[in-house]
Each structure stands twice: as C-alpha cells, then as structure tokens.
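Below: the structure, in structure tokens.
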Amino acid sequence: MTQTEDRTLSTEDTPLVPIEKIVSLCKRRGFVYPNSEIYGGVSGIYDFGPLGVELRNNIRRYWWWSMVQINDNVVGIEGAIITHPRVWEASGHVENFVDRLVECKNCKRRFRIDHLPAENLAQNKCPVCGGELTEPRTFNLMMETYLGVVEGERMKTYLRGEACQNIYLDYDNVLKSSRLQIPFGICQIGKAFRNEVTPGNFLFRQREFEQWDLQFFVHPSEMEKWFDYWKEYRFEWYKGIINHKDRLRFREHAQDELAHYAKQAFDIEYRSILGWQEWEGIHWRQDWDLSRHSEYSGQDLSYTDPETKERYIPWIVETSGGVDRTFLNLLLDAYEEEPPSGKDKEGRTVLHLHPWLAPVKVAVLPLQKNKEELVTTARDIYNRLKRLMVSQYDDVANIGRRYRRQDEIGTPFCVTVDFQTLEDSTVTVRERDGMTQIRLAIDALPAYLLERVMWR
Ligand code: GAP
C-alpha cells in the first residue's frame with residue numbers, strides 16, 4: 001500500500017508459504033495457541049490470543065458490514081448452539097452427515113475416501129507408505145451432548161453441525177417481526193462443531209470452528225438470478241481482501257459430491273501450500289430446508305405473496321464460509337519474508353494484511369526512549385489515537401527493530417516522534433508495504449489514519 005489511496009497488490013506469483021511459518025508466527029506473536037496446551041493439546045481445537053482476537057473481530061465485523069449493514073433486504077440473527085434434537089433429523093444431518101474413512105494397516109494413517117487419490121482408491125493402497133487399506137467405515141460427524149441432569153431423563157441432542165440451521169428455525173419469526181418481503185436474506189456468524197475424522201492443517205480443518213452464512217429466500221422463478229448475484233458478490237468480497245488475486249477461483253461441484261441439501265454448488269477456492277481448497281460454498285438449497293422443517297415440526301413455513309396471494313415454500317441461496325479459514329488464508333496470503341534491500345538492510349518478515357483487517361492499526365514510537373519530551377509527546381499521541389483505533393506504544397529497542405516488530409504483525413502505519421516534532425508539531429508516518437515516509441501535523445493524524453484503516 002502506498003500512502004495514497006492505492007493498495008500495492010503483488011500480482012507476481014511469490015512462493016507459497018509453508019503452514020509451519022504461519023503456525024510459528026501465530027504462537028510467537030499471540031495470534032493463535034493450541035487449545036489446552038499444558039495438558040498436551042486437543043487435536044483440531046485452537047484458542048485465539050490478543051492479536052488473533054483483534055484480527056478475528058475485524059474479519060467478522062467487515063463481513064457483517066458488507067452483508068447486513070449495507071444491504072437493505074438482509075438482516076442478522078444470533079442463534080443458540082444447542083437446538084431441539086429433531087432439528088438434525090429434519091435437516092438430514094443425523095442420517096447423511098457422514099464421512100467414509102479407511103485406515104492403512106501398515107502405518108495406521110487414516111484417510112477420508114473423498115480425499116484419496118483415485119489410483120490409491122482403486123488399488124487399495126496407502127498414498128504415504130503403500131500399505132494395504134482397510135475396508136471403508138462410516139462415521140457421523142455430529143457432536144452429541146445431553147440436556148438435563150437426571151440419569152434416564154436426559155435428552156440427547158447435538159452441538160450444531162452447521163450454524164445455518166438457526167436461520168431456518170427463526171425464519172418465520174423474523175418474517176413476522178419485521179416488514180421484510182421476499183426476496184430477503186438472514187445472516188448469522190456462529191460456531192459449528194464437527195467430529196472431523198481427519199482434523200489438521202492448523203485452522204483449516206477443525207472440530208470447533210466458526211461459520212458465516214447468508215440464507216437468501218426467493219421465489220423459485222428468481223432462484224437463478226439471485227444465485228448468480230450472490231455468487232459474484234462473495235467472490236468479489238474475497239478478491240477485495242487478498243493480495244494474490246490469481247489464487248482465487250470458482251469450482252463447481254460434480255453431482256456425486258453435492259451435499260445432501262444442495263442441488264447445485266460452487267466453491268470459492270483459494271490456492272495455498274495446501275493446493276486449491278474450499279474457502280466458501282455457494283449452495284442452491286432450493287426448498288429442502290423449509291420443506292423438511294415444515295414436515296418435521298408440523299408448522300407451515302410457506303410464504304404468501306402480499307400482492308399476488310400466491311402461496312409457496314421459498315427457495316434458498318446459501319453462501320457459507322469459515323471465519324477460521326478466512327483467518328488462515330489471509331495470513332497465508334499476506335505473509336512475506338523480504339530479503340535485505342536498499343529500503344531495509346536487514347530484511348524483514350511482513351504481513352501485508354489489508355489495513356481494514358490488520359489487528360493493530362498504528363504504532364506510536366518515540367525516536368529515543370531516554371528523551372523525556374519525545375516520550376511525553378509520543379504518549380500523548382498514543383492516548384489520543386487508542387480511543388479511535390487499536391494502537392500500540394513501543395519504545396523498546398532501536399527504531400529499525402521496532403518497525404520490523406510492527407511489520408511482522410501487519411501494522412499498516414508507524415508514527416515516529418522525533419526532534420523535529422518538538423519544533424513544529426509534525427511526525428513521521430511510515431507505511432508498512434512500501435516503507436515510504438511522509439511528515440504530517442499531529443492534529444491531522446486521526447483523520448489521515450481513519451480514512452485508511454476503516455472500511456467503506
Ligand atoms: N451450511 C453449509 C455448510 O456448512 P460447508 O461447506 O460444510 O457448508 C461451510 O461449510 C464453510 O465452513 C466451508 O467453506 C469452510 O470455510 C468452513 N468449514 C467447514 N468445515 C470446517 C472445519 N472443519 N474447520 C474449519 N472450517 C470449516
């Protein structure tokens with residue numbers, strides 16, 4: 001990003017970043033920690049540290065702004081993680097939400113059938129050691145839990161396997177308590193839980209993760225129009241927050257890989273060291289959900305058009321993505337180890353995160369720590385800025401090292417208070433990607449920074 005309006009977006013194909021580099025940075029700088037680490041950890045479950053929670057909140061808020069706040073015909077809800085167990089019978093998850101798994105008799109590694117290369121499947125051969133594979137076994141991914149305390153009276157239910165079910169459950173309430181008419185959408189961000197048989201690749205496939213969903217309710221005759229609309233809208237959204245635009249594509253699902261609720265589906269995929277992988281799914285859910293919930297609950301969930309009086313079950317366009325996968329892909333997309341150059345003689349690790357999403361927006365740095373006037377002025381500026389945006393104050397180590405510390409966590413701007421500041425009340429503003437520096441009056445700082453770090 002330059003200090004003007006433009007973002008400098010690298011289009012050349014820089015090397016794909018190994019996951020281990022991201023895992024190490026995340027732990028070292030407080031983005032992500034293994035859950036229950038002092039007890040040895042739990043596979044597929046993670047906690048988010050001080051910087052991670054800021055990045056995550058920014059990602060969530062930007063999604064909410066783009067989907068709910070600026071679209072007049074879209075509203076948001078927040079549903080509970082636990083629902084009535086019949087929900088998951090109606091949704092088809094109890095019956096169909098399964099993975100088929102084989103195990104290598106030699107090295108004991110497990111593989112999902114749908115992830116095995118075709119030739120290994122045909123030859124019944126382990127893709128790692130060549131050993132013989134077991135017969136496939138089927139596992140349901142739903143996580144069970146129990147409501148109630150008295151043995152024998154406890155009710156078995158599930159932690160939700162996909163967050164979007166609450167939207168169908170609340171659809172009628174939203175309709176009756178608002179003045180919305182079809183076409184309209186309901187959004188939600190929330191946790192989902194899956195007993196993944198092969199969790200792994202850091203945040204990519206977890207057992208507890210967070211999803212964002214739009215369920216857009218339409219008249220059947222308008223399904224195609226809205227499906228195309230939201231498909232493009234979501235693609236552009238992802239394109240707008242990554243540097244490597246050429247690492248994004250659509251992939252249409254073949255008939256035999258469609259989820260049980262989908263008649264048609266496209267994945268928005270991102271290419272990283274893991275290959276081309278799903279980032280978000282755009283699903284043509286048709287009338288599956290509202291019909292099934294009508295049938296299982298006995299409540300009529302059909303819609304009556306206020307003008308034509310036509311009665312029908314609305315069809316649904318779903319856009320469903322992962323907060324955690326977005327978090328991981330953004331880091332993989334933003335991470336760069338820059339060699340020494342004329343601008344930085346030591347080289348640096350930098351996260352080219354979009355300024356809208358960066359966890360810390362500005363760092364305020366006095367040039368020297370032992371000059372009281374510099375420190376006092378820098379603290380004053382910091383105290384003003386921190387009320388407007390997430391800011392850091394840092395006076396430890398030489399200025400070059402402090403810049404590099406901020407580059408590594410993706411801070412888009414550093415403000416340096418030097419001796420000229422004491423004379424004319426101006427500061428240096430250094431921008432992360434191009435390392436360009438300008439001088440700016442202290443009073444002009446808030447507007448200058450806000451314009452660049454707030455989405456619009
Ligand atoms: N309601 C539709 C649905 O749940 P999905 O393709 O299973 O569709 C949607 O999930 C998104 O949720 C995926 O595109 C991915 O970003 C995220 N996701 C799914 N399983 C995940 C997991 N085990 N760990 C992290 N993210 C996951």
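For the numbers below, each heavy atom of this structure counts, side chains included, while hydrogens, waters and symmetry mates do not. Both ligands and their constituent atoms are indexed starting at 1 by order of listing.
- A donor-acceptor contact shorter than 3.5 Å is absent between the side chain of N35 and the backbone of Y46.
- Assignment of E208 to the shell around ligand 1 is not supported, since no heavy atom sits closer than 4.0 Å.
- Here Y261 has side-chain heavy atoms under 4.0 Å from ligand 1, and that is the only part of it that gets that close.
- No option in R402, R405, R401 other than R405 meets the side-chain hydrogen bond (donor to acceptor under 3.5 Å, both in side chains) test with D394.
- Both the sub-6.0 Å distance and the 45° axial angle are not jointly satisfied by K21 relative to the ring of Y335.
- Here the protein heavy atom with the shortest distance to atom 24 (N) of ligand 1 is Q206 N, 2.9 Å.
- Between F209, Y270, F97, it is F209 that holds the heavy atom closest to atom 27 (C) of ligand 1.
- Looking only at protein heavy atoms, the nearest one to atom 6 (O) of ligand 1 is E278 OE2, 2.9 Å.
- Both the backbone and the side chain of S320 come within contact range of ligand 1, each with a heavy atom under 4.0 Å.
- Stacking of K156 on the aromatic ring of Y146 is not recorded, the 6.0 Å distance cut-off and the 45° axial limit not both being met.
- Heavy-atom proximity to C164, at under 4.0 Å, picks out these atoms of ligand 1: 1 (N).
- Under the 4.0 angstrom criterion for non-hydrogen atoms, E210 is not in contact with ligand 1.
- Among E162, E318, E280, R194, the residue whose heavy atom sits closest to atom 5 (P) of ligand 1 is R194.
- Checked against the 6.0 Å centroid criterion, the rings of Y238 and W279 qualify as a close aromatic pair.
- Partners of W230 by side-chain hydrogen bond (donor to acceptor under 3.5 Å, both in side chains), not counting sequence neighbours: none found.
- Counting only heavy atoms of the protein, atom 25 (C) of ligand 1 lies nearest to F204 O, 3.2 Å.
- In this model, no donor atom of one side chain and acceptor atom of the other lie less than 3.5 Å apart for E224 and W284.
- Atoms of ligand 1 found under 4.0 Å from any heavy atom of R205, numbered from 1 in the order shown, are 22 (C), 23 (N), 24 (N).
- The distance criterion of under 3.5 Å between nitrogen or oxygen atoms is not met by H283 with respect to ligand 1.
- With W315 as the aromatic partner, R285 does not meet the cation-pi criteria of under 6.0 angstrom to the ring centre and within 45 degrees of the ring axis.
- Counting protein heavy atoms only, atom 12 (O) of ligand 1 is closest to Q211 NE2, 3.2 Å.
- A search for side-chain hydrogen bond (donor to acceptor under 3.5 Å, both in side chains) contacts involving T319 returns nothing, not counting sequence neighbours.
- In R285, the part holding a heavy atom less than 4.0 Å from any atom of ligand 1 is the side chain.
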